Amino acid sequence: MTETGQKFLLFVLIGLLALPSGLCSALFTVSGLGMLFDRDPVAQVASGIMLVGSAIGWIFCALVLIGARRVRGRPVTPAAGDPAGPPSGSAPP
């Protein structure tokens, strides 16, 4: 697999980590906003808890996507025992 293919695959796999958090946060945001204007005080408290939880989920989702973007931008370095890499003890060019 080429270096570009490896970086793209890693980007997609890390991006998939954000999917469950994003879906749950979207559901909790809509539900929390709907319950916020209810007349029942218990529902209003539950909506506040749901909105705080969804905010935490959105933050996690954003951090994962930012991390995936940073991984995609950095160069892939060969492993220590990789024959394609420079021999150990040699100075970089």
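Quick caveat: nothing in here was measured; it's all calculated off a predicted structure. In what follows, every heavy atom counts, from backbone to side chain, and hydrogens, waters and symmetry copies are set aside. The first residue of the sequence shown is numbered 1, and numbering continues consecutively from there.
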(message) Once side chain to side chain contact (heavy atoms under 4.5 Å, CB included) is applied, do any residues pair with Ala43, and if so which ones, sequence neighbours excluded?
(response) Met35, Asp38, Asp40

(request) Could you tell me which residues satisfy side chain to side chain contact (heavy atoms under 4.5 Å, CB included) with Val52, sequence neighbours excluded, listed by chain and number? (result)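 Only Ile56 meet the side chain to side chain contact (heavy atoms under 4.5 Å, CB included) criterion with Val52.
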
Rounded to the nearest 0.5 Å, what separation is found between the [atom1] atom of [X] and the [atom2] atom of [Y]?
X	Y	atom1	atom2	result
Met50	Leu27	CE	CG	6.5 Å
Leu63	Trp58	CG	CH2	13.5 Å
Leu33	Phe28	CG	CZ	13.0 Å

(request) Kindly say whether Leu51 contributes a backbone atom to a donor-acceptor pair with the side chain of Ser54 at under 3.5 angstrom? (result) yes

Give the table of side-chain donor-acceptor pairs shorter than 3.5 Å for residues 17-24, with sequence neighbours excluded, one pair per line with atom names and distance.
residue	atom	partner	partner atom	Å
Ser21	OG	Gly57	O	2.9

(message) To check you understand the geometry: which heavy-atom pair defines the closest contact between Gly32 and Ser47, and what is its length?
(response)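 So the minimum-distance heavy-atom pair works out to O-CB, 3.2 Å.
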
